[in-house]
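These notes concern the structure reproduced below.
Just so we're clear, the structure is a prediction, and the values are computed from it rather than from any experiment.
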Amino acid sequence: MKRTYLHGFVALAVLAGLTAAPTAARAGGRDCAGYVALTFDDGPTPGNTTALLDALRAARARATMFNTGQNVEANPALARAQVRAGMWIGNHSWDHPFMTQLTAEQQADQIARTQDVIRRATGVAPALFRPPYLDTNDALRAVERRYRLTEINTDADSKDWNNATVEEIVASARGMKAGDVILMHDWPPATVQAIPQVVAELRERGLCTGKISPVTGRAVAPGAPETRPLERAHTAGRVDDRAGAVRYTWPGVYFEGRFRGGSVGIVLDDAVNDYEIRVDDREPVNLVTPGRTTHWITGLGRGEHTVRVAKRTESPWAAGQFGGFVAGDGGLILGKPAARTRQIEFIGDSWTAGYGNMSTSRDCSAIGGVDRNSNADRTFGALTARGLGADYQLNAWSGRGMVRNYNGGDAGTDYRTWYDRTLQAVDTTALPRPASWKPQVIVIGLGINDFSTDLHAGEKWATIDELAADYRSAYEGFVGKLRERYGPAAHLILTYPTLWNTTAMADSIEQVVAGRNAAGDTRVRSLHYSSQLDQLGCDWHPSLDDHTLLAAELTTAIEALPLHW
């Protein structure tokens with residue numbers, strides 16, 4: 001049966017904490033340099049599955065079988081034979097549809113029925129799901145998470161579904177690296193014939209066949225313990241760690257680790273964002289939309305080191321994925337750095353997000369555009385927090401205001417629409433605030449988008465006074481929400497610059513602060529950024545020099561607070 005496959009994402013990571021060359025197993029008389037996963041879709045089927053298992057046993061190889069529910073129901077004895085042969089079982093839907101063309105209820109039915117029939121036939125509850133045709137999206141992944149399944153895509157496609165020859169199938173496996181997964185199928189005769197050579201060539205390169213970790217989605221040793229990426233990496237950012245890989249959208253999310261040895265790998269799956277990586281005090285390395293990769297930093301001394309990776313850019317509609325840190329040959333990922341006792345949350349718009357801050361030209365279209373010239377890790381918030389030795393979050397979204405977005409766009413939503421979410425526009429799930437996140441200082445910078453452009457016909461507000469009244473009411477409510485969220489001890493700083501066209505923002509913020517203070521909430525104050533800014537960043541945004549000036553003003557204001565941190 002010929003099938004056409006589509007590309008998709010996979011929850012990506014490496015088992016942080018293991019050395020790069022485990023020696024517990026041997027491949028062809030030599031130590032394993034790593035593990036790869038052989039996977040076979042669409043079984044079990046009479047005749048085909050038995051021949052496949054015989055070939056794997058003869059090659060002393062183990063594999064993951066992504067079975068369809070209807071085939072397990074029709075051939076339960078073959079499913080049990082897979083388990084007896086030492087294979088692992090994954091979920092491949094009930095009857096192989098294009099999952100993204102189904103409703104959420106239909107997707108859940110495909111997954112749940114297959115989980116149930118596999119469990120009843122084999123006693124195994126699958127932890128892995130491979131979408132048919134590799135057809136996936138965030139909505140489907142949300143359904144998968146309900147069943148605690150890790151989605152598995154592929155690093156190498158044998159194309160046996162497209163009548164690939166034995167030689168072509170063998171060649172497809174030659175590019176596999178440690179951790180990689182190859183896609184094959186239960187039914188093509190050429191696949192069974194290719195197995196001896198595929199396994200032999202892998203062993204010649206020191207690669208053993210392993211299982212797929214449901215934590216990381218990568219191939220690991222059959223007996224390897226499961227270590228989640230955040231067990232060996234520290235972050236204070238808003239992240240979704242429910243499905244193995246760590247997903248995030250908010251700008252400036254960072255991960256920090258410790259390792260011993262001469263090299264370290266950073267595992268990422270992100271074709272949208274840019275990153276900054278820093279090891280110890282070395283010059284940072286910038287990654288531009290790295291895609292699915294393990295980026296290696298090499299040439300280090302053999303002692304202990306620190307590593308930090310930070311998301312530079314914004315991606316409200318696309319989640320990046322961090323899979324952990326991995327040690328090079330002879331190295332070791334150490335325990336993660338301790339969380340800092342000082343915590344600051346920054347709430348705001350493009351200024352807080354670092355929109356175009358690395359540019360020296362207001363028109364940055366000829367030098368890479370906004371994304372290439374943005375670095376949330378060099379914003380006034382990041383600079384301030386690091387200078388004060390604090391962990392921080394940059395919960396910012398360019399173009400959003402308290403009640404009105406830039407130039408009146410996207411009416412009916414504003415910054416407050418998205419604040420409670422873990423993954424902004426990617427997932428509507430509300431953020432469950434970790435008990436460990438208790439910022440002593442919250443810095444708010446919302447209002448530039450509300451007031452910096454003229455009102456248009458058809459907008460909710462006919463005059464600037466009406467807009468200002470609505471802004472004050474919303475701001476008061478937002479401050480109250482933050483007060484309820486973080487308690488009476490937290491200090492809130494409501495910031496604003498000088499706008500060229502109106503004092504309505506400044507006047508409104510001062511009124512909100514005065515009202516809170518009069519009501520007894522004395523830990524709310526304002527900060528007017530008075531520095532003369534060059535605004536040479538993209539589209540008249542603050543430059544890196546400007547962010548340095550803003551950080552100095554903000555640091556002075558925070559240091560003047562009666563904090564006990």
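Nearest approach of W437 to D391, heavy atoms of both residues: CH2-O, 4.1 Å. Between F380 and H547 the shortest heavy-atom distance is N-ND1, 2.9 Å. Nearest heavy-atom pair across D450 and L467 is O-CD2, 3.2 Å. Taking every heavy atom of both residues into account, T249 and P316 meet most closely at CG2-O, 4.4 Å. Of all non-hydrogen atoms in I448 and S452, the two that sit nearest each other are O-OG, 2.7 Å. Heavy atoms only, all atoms of each residue included: C538 and G369 are closest at SG-O, 4.3 Å.
A donor-acceptor pair is defined here as one N or O able to donate and one able to accept, closer than 3.5 Å; such a pair exists between the side chain of T103 and the backbone of Q106. Side-chain N or O atoms of T555 include one that pairs as donor or acceptor with a backbone N or O of A551 at under 3.5 Å. With N405 contributing its side chain and T413 its backbone, the two residues share a donor-acceptor pair below 3.5 Å. With hydrogens and angles ignored, the 3.5 Å screen pairs no side-chain donor or acceptor of S531 with any backbone N or O of L533. Not a single donor-acceptor pair under 3.5 Å links the side chain of R247 to the backbone N or O of L423. The closest donor-acceptor contact from the side chain of Q393 to the backbone of Q343 lies at 3.5 Å or more, if one exists at all. With hydrogens and angles disregarded, a donor-acceptor distance shorter than 3.5 Å links the side chain of R232 to the backbone of I333. In this structure, the side chain of T294 does not engage the main chain of V267 through any donor-acceptor pair within 3.5 Å. For E314 (side chain) and S398 (main-chain N/O), a donor-acceptor pair under 3.5 Å exists by modelled atom type. Put simply, the side chain of E510 never gets that close to the backbone of S526: no donor and acceptor are under 3.5 Å apart.
Within the 4.5 Å cutoff, side-chain heavy atoms of R340 are placed close to those of H234. Considering only heavy atoms from C-beta on, I493 comes within 4.5 Å of L561 through its side chain. Contact annotation: the side chain of L482 approaches that of Y419 to within less than 4.5 Å [non-hydrogen atoms, C-beta and beyond]. Counting heavy atoms from C-beta on, the side chains of R362 and L536 come closer than 4.5 Å. L550 is listed as a side-chain neighbour of W351, based on a closest heavy-atom distance under 4.5 Å. Looking only at side-chain heavy atoms (C-beta outward), Y529 and L549 stay at 4.5 Å or farther from each other. Side-chain atoms of T235 and Y248, non-hydrogen and from C-beta on, never get closer than 4.5 Å to each other. Side-chain contact between M402 and D414 is absent, with no heavy atoms from C-beta onward closer than 4.5 Å.
A donor-acceptor contact closer than 3.5 angstrom is absent between the side chains of Y406 and D349. In this structure, a donor-acceptor pair under 3.5 Å is absent between the side chains of S543 and D545. A side-chain N or O of N407 and one of H456 form a donor-acceptor pair less than 3.5 Å apart. In summary, the side chains of N273 and S315 do present a donor paired with an acceptor at a separation below 3.5 Å, with no hydrogens or angles considered. Residues Y415 and N395 have side chains that never bring a donor and an acceptor to within less than 3.5 angstrom of each other. Judged purely by distance below 3.5 Å, without hydrogens or angles, the side chains of R400 and T417 never pair a donor atom with an acceptor atom. D135 and T100 form a side-chain donor-acceptor contact under 3.5 Å, judged by distance and modelled atom types alone.
Taking the six-membered ring where the residue is Trp, the centroids of H528 and Y496 are separated by under 6.0 Å. Between Y147 and F129, the ring center distance fails the sub-6.0 Å criterion.
Using a 4.0 Å cut-off between a side-chain N of Lys or Arg and a carboxylate O of Asp or Glu, R145 and D427 qualify as a salt bridge.
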Pair R130-T154, side-chain hydrogen bond (donor to acceptor under 3.5 Å, both in side chains): steps then yes or no: CA-CA 9 Å; R130 172 171 281 155; T154 190; 4.5 Å; no
Is there a side chain to side chain contact (heavy atoms under 4.5 Å, CB included) between Y392 and R386? Walk through the geometry before answering. CA-CA 9 Å; Y392 63 93; R386 289 202 296 274; 3.2 Å; yes
Take L334 and R260, measure what side chain to side chain contact (heavy atoms under 4.5 Å, CB included) needs, and give me the verdict at the end. CA-CA 7 Å; L334 303 173; R260 181 184 301 122; 3.8 Å; yes
Checking R308 against D377 for the salt bridge (charged side-chain N to carboxylate O under 4.0 Å, His left out) test, could you report, in this order, the C-alpha distance in whole Å, the side-chain angles of both residues, the deciding distance, and whether it holds? CA-CA 11 Å; R308 185 176 189 275; D377 209 42; 2.8 Å; yes
Under the salt bridge (charged side-chain N to carboxylate O under 4.0 Å, His left out) rule, what do R282 and D280 come out as? Steps first, then yes or no, please. CA-CA 6 Å; R282 292 176 170 234; D280 300 330; 5.2 Å; no
Any chance you could lay out the salt bridge (charged side-chain N to carboxylate O under 4.0 Å, His left out) test for D470 and K460, step after step, and finish with the verdict? CA-CA 10 Å; D470 202 4; K460 177 181 177 181; 3.1 Å; yes
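For the salt bridge (Lys or Arg N to Asp or Glu O under 4.0 Å) test with D274, the passing option among K311, R312, R372 is R372; the others fail. For the side chain to side chain donor-acceptor pair (under 3.5 Å) criterion with Y486, the lone passing option out of E345, H491, K481 is E345.
Among residues two or more places apart in sequence or in another chain, the side chain to side chain contact (heavy atoms under 4.5 Å, CB included) test is passed with R483 by A490, L492, R516, D521, R523, V524. Every ring-ring contact (aromatic ring centres under 6.0 Å, His included) that H305 has, sequence neighbours left out, goes to F259. In this structure W397 satisfies the ring-ring contact (aromatic ring centres under 6.0 Å, His included) test together with W317, W418, sequence neighbours excluded.
Using a 30° and 60° split on the angle between ring planes, F322 and F325 fall in the perpendicular class, above 60°. The aromatic rings of F451 and Y471 sit perpendicular to each other, their planes meeting at more than 60°, with 30° as the lower class boundary.
With rounding to the nearest 0.5 angstrom, the CG atom of L140 is 13.0 Å from the CZ atom of F98. Taken to the nearest 0.5 Å, the NE2 atom of H295 stands 9.0 Å off from the CG atom of L268. Going from atom CD1 of I558 over to atom CD1 of I344 covers 4.0 Å, rounded to the nearest 0.5 Å.
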